[in-house]
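All remarks here apply to the structure that follows.
Both ligands and their constituent atoms are indexed starting at 1 by order of listing. Please read all numbers here as calculations on a predicted model, not as lab measurements.
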Amino acid sequence: MNLSYWEIQSWLTNIDFTIVGSGIVGLNCALHLRQRFPKAKILVLEKGMLPQGASTKNAGFACFGSLSEIIDDLKTHSEDEVIELIKKRVDGLKLLRETLGDKTIDYQNLGGYELFLESDEELYDTCLKNQDSINTLLQPVFKDDVFSLKENSFNFKNIKPSYSFNQFEGQIDTGKMMEALLSKAQKEGVKILNNCTVIQFDDDADGVKVETNNFEFSTKNLLIATNGFASKLIEQPVKPARAQVLITKPIKDLHIKGTFHLDEGYYYFRNINNRILFGGGRNLDFKTEETSEFGETEIIQHKLEELLKTTILPNINFEIDHSWSGIMGVGQQKKAIVKQISNHVYCGVRLGGMGVAIGSLVGKELADLLK
Ligand SMILES: Cc1cc2nc3c(=O)[nH]c(=O)nc-3n(C[C@H](O)[C@H](O)[C@H](O)COP(=O)(O)OP(=O)(O)OC[C@H]3O[C@@H](n4cnc5c(N)ncnc54)[C@H](O)[C@@H]3O)c2cc1C
């Protein structure tokens with residue numbers, strides 16, 4: 001693209017920080033860089049018309065781990081590591097709520113529930129047995145018991161008679177959060193260019209030469225916040241993981257309120273505006289879902305519809321309104337990768353399924369890497 005003198009001068013010259021990706025991490029990073037460097041020229045490059053990864057696609061759970069997930073994490077992480085992971089999520093949620101305000105993101109503390117399928121005898125027993133010790137483990141973070149048992153008052157079918165209730169779990173309106181983050185960044189003088197894909201970069205003595213699908217330019221520092229797409233630009237242990245979601249049409253007098261985890265967290269659903277938003281099922285076809293291409297598949301969408309009919313909304317007439325997918329960044333380790341890669345290049349990637357919780361903090365940590 002042949003840019004004008006004015007375009008080059010105003011948008012693409014003397015750039016202090018260029019952030020790749022306008023998801024939760026990229027935008028929070030921009031906001032913290034602005035706090036630390038009030039006069040800096042900050043540019044965000046985003047390949048999509050809107051942010052096109054996970055931040056505008058997710059389920060909006062403000063969660064930090066279900067009982068079975070914490071028990072499972074303790075198999076591969078030490079107690080201290082698990083507490084650190086949970087504390088990061090709690091701190092990240094606090095930061096998100098402070099940055100944007102509960103009203104803006106429609107934060108509601110409706111509680112979280114973990115449902116156990118009728119056939120999940122072993123998992124159910126393990127959770128019952130370990131509930132007290134996990135509450136004790138988390139006492140220093142929450143100063144109260146996190147998990148308790150509740151009767152199946154929402155009348156779900158094919159599940160155990162009680163579910164695990166988490167009194168500290170909440171939900172947000174994902175669209176409102178991202179709208180607010182984008183407009184806050186713009187108000188703070190952060191320039192955001194959409195439909196602009198970074199193709200490659202070259203870190204040399206004076207800064208970084210960046211090639212995009214539209215133009216080339218130089219920046220003093222490059223910060224990569226591309227999560228599930230990271231491996232296209234940098235070599236870090238992070239893989240794409242697609243997650244599919246659907247939403248029902250509004251259901252009259254919908255009685256279900258809260259965030260819900262089913263089948264070890266492979267499925268998740270919540271209420272939103274009298275609808276049920278329902279996602280998951282990657283475990284049905286991990287290989288196909290290890291992709292950075294958006295899309296829905298018959299096998300997963302069919303399973304989601306079936307579980308709605310048989311388990312979540314039995315005896316209730318509902319219609320599916322819409323389905324979509326998003327791309328997460330995952331790896332063997334649950335910890336995000338926040339580090340300097342070369343002289344002027346940094347990354348904050350691999351947010352897993354908890355980016356609403358940790359995204360704000362990872363963005364801040366990424367900004368704090370800069371001297
Ligand atoms: C369906 C789904 C449900 C989820 N539910 C929850 C939930 O309930 N609670 C929770 O805590 N987390 C949830 N998550 C995870 C959470 O959404 C993510 O962890 C978080 O959004 C990651 O934010 P990010 O900024 O790191 O990445 P992203 O939001 O993916 O942002 C990366 C951005 O980089 C852009 N980009 C990529 N490559 C380039 C390039 N070369 N040039 C320019 N731009 C580029 C992308 O378009 C994208 O906008 C869910 C995720 C999905 C997909």
Going by the order shown, which atoms of ligand 1 are within less than 4.0 Å of some heavy atom of M328? 51 (C), 52 (C), 53 (C)
Can you sort out which atoms of ligand 1 are near Q52, meaning under 4.0 Å from one of its heavy atoms? 46 (C), 47 (O), 48 (C), 49 (O)
Less than 4.5 Å apart, side chain to side chain, heavy atoms only: is that true for L366 and V25? yes
Are F64 and F142 close enough that their ring centres sit under 6.0 Å apart? yes
Contact atoms of ligand 1, heavy-atom distance to L45 under 4.0 Å: 43 (C), 44 (N)
CG (L223) and CG (L45) are apart, to the nearest 0.5 Å, by 11.0 Å
Determine the interplanar angle of the F294 and F229 rings, folded into 0 to 90°, and report it as parallel if under 30°, tilted if 30 to 60°, perpendicular if over 60°. tilted
Relative to the heavy atoms of V20, which atoms of ligand 1 are at a distance of less than 4.0 Å? 40 (C), 42 (N), 43 (C), 44 (N)
Compute the minimum heavy-atom distance from K232 to ligand 1 and say whether it is under 4.0 Å. no
Should K47 be counted as touching ligand 1, given the test is an N or O pair under 3.5 Å? yes
Which option wins on minimum heavy-atom distance to atom 14 (N) of ligand 1: N58, N194, I24? N58
Measure the distance from atom 1 (C) of ligand 1 to every protein heavy atom, then report the residue, atom name and distance (to 0.1 Å) of the closest one. V245 CG2, 3.3 Å
Any G352 heavy atom less than 4.0 Å to ligand 1: yes
Short list, please: which atoms of ligand 1 are under 4.0 Å from a heavy atom of M354? 10 (C), 11 (O), 12 (N)
Compare every heavy atom of I71 with every heavy atom of C127, then report the nearest pair and how far apart it is. CA-CD1, 3.8 Å
Protein contact to atom 22 (C) of ligand 1 [nearest heavy atom, distance to 0.1 Å]: N227 ND2, 3.6 Å
Atom 31 (O) of ligand 1: nearest protein contact (heavy atom, Å): G23 CA, 3.5 Å
Does the distance from a Lys or Arg side-chain N to an Asp or Glu carboxylate O, for E289 and R282, drop under 4.0 Å? no
The protein heavy atom nearest to atom 5 (N) of ligand 1 is A59 N, 3.1 Å
Against heavy atoms of K57, which atoms of ligand 1 measure under 4.0 Å? 1 (C)
Evaluate A54 for polar contact with ligand 1, using N/O atom pairs at a separation under 3.5 Å. yes
Indicate yes or no: does an N/O atom of V356 lie under 3.5 Å from an N/O atom of ligand 1? yes
For F229, which part has a heavy atom under 4.0 Å from ligand 1: side chain, backbone, both, or neither? side chain
Ligand 1 N/O within reach of G355 N/O, cut-off under 3.5 Å: yes
Purely on distance, is any nitrogen or oxygen of V25 under 3.5 Å from one on ligand 1? yes
Just checking F260 against F156, ring centres under 6.0 Å apart? yes
For atom 10 (C) of ligand 1, which candidate among G60, G353, A357 provides the closest heavy atom? G353
Quick one: does any side-chain atom of N130 pair with a main-chain N or O of T126 as donor and acceptor, under 3.5 Å? yes
Sub-4.0 Å atoms of ligand 1 with respect to non-hydrogen atoms of P51: 49 (O)
Where the closest heavy atom to atom 32 (C) of ligand 1 is concerned, which of G53, G21, A225 has it? A225
Determine whether the aromatic ring centres of F61 and H261 lie less than 6.0 Å apart. yes
Could an N or O of ligand 1 be found under 3.5 Å from any N or O of A243, whether backbone or side chain? no
Ligand 1 to S55 polar contact by distance, N or O atoms, under 3.5 Å: yes
Classify the ring geometry between Y267 and F278 as parallel (under 30°), tilted (30 to 60°) or perpendicular (over 60°). tilted
Counting the benzene-type ring for Trp, do F217 and F215 have ring centres under 6.0 Å apart? yes
Please indicate whether any nitrogen or oxygen in G48 is less than 3.5 Å from any nitrogen or oxygen in ligand 1. no
Side chain to side chain, T212 and I199, heavy atoms closer than 4.5 Å: no
Please determine if K150 forms a cation-pi arrangement with F165, meaning its NZ or CZ atom is less than 6.0 Å from the six-membered ring centre and no more than 45° off the ring axis. yes
Measuring only between side-chain heavy atoms, which start at C-beta, is D144 closer than 4.5 Å to F168? yes
Would you say the side-chain atoms of R350 pair up with the backbone N or O of K335, donor to acceptor, closer than 3.5 Å? yes
Over all heavy atoms of both residues, which pair between N166 and G65 is shortest? Give the atoms and the distance, please. ND2-O, 4.0 Å
Quick one: look up the protein heavy atom nearest atom 41 (N) of ligand 1 and list residue, atom name and how far away it is. V198 O, 3.0 Å
Which bit of C196 gets closer than 4.0 Å to ligand 1, counting heavy atoms only: side chain, backbone, both or neither? backbone
Strictly under 4.0 Å, does any heavy atom of G359 approach an atom of ligand 1? no
Polar atom proximity, Y268 to ligand 1 (N or O, under 3.5 Å): no
K257 side chain to L254 main-chain N or O, any donor-acceptor pair under 3.5 Å? yes
Taking heavy atoms and a distance under 4.0 Å, where does E46 meet ligand 1: side chain, backbone, both or neither? both
Taking the side chain as every heavy atom from C-beta outward, state whether D145 and L138 have any atom pair closer than 4.5 Å. no
Counting from 1 in the order shown, the ligand 1 atoms closer than 4.0 Å to a non-hydrogen atom of F61 are 7 (C), 8 (O), 9 (N), 10 (C), 11 (O)
Are any of the N/O atoms in T226 less than 3.5 Å from those in ligand 1? no
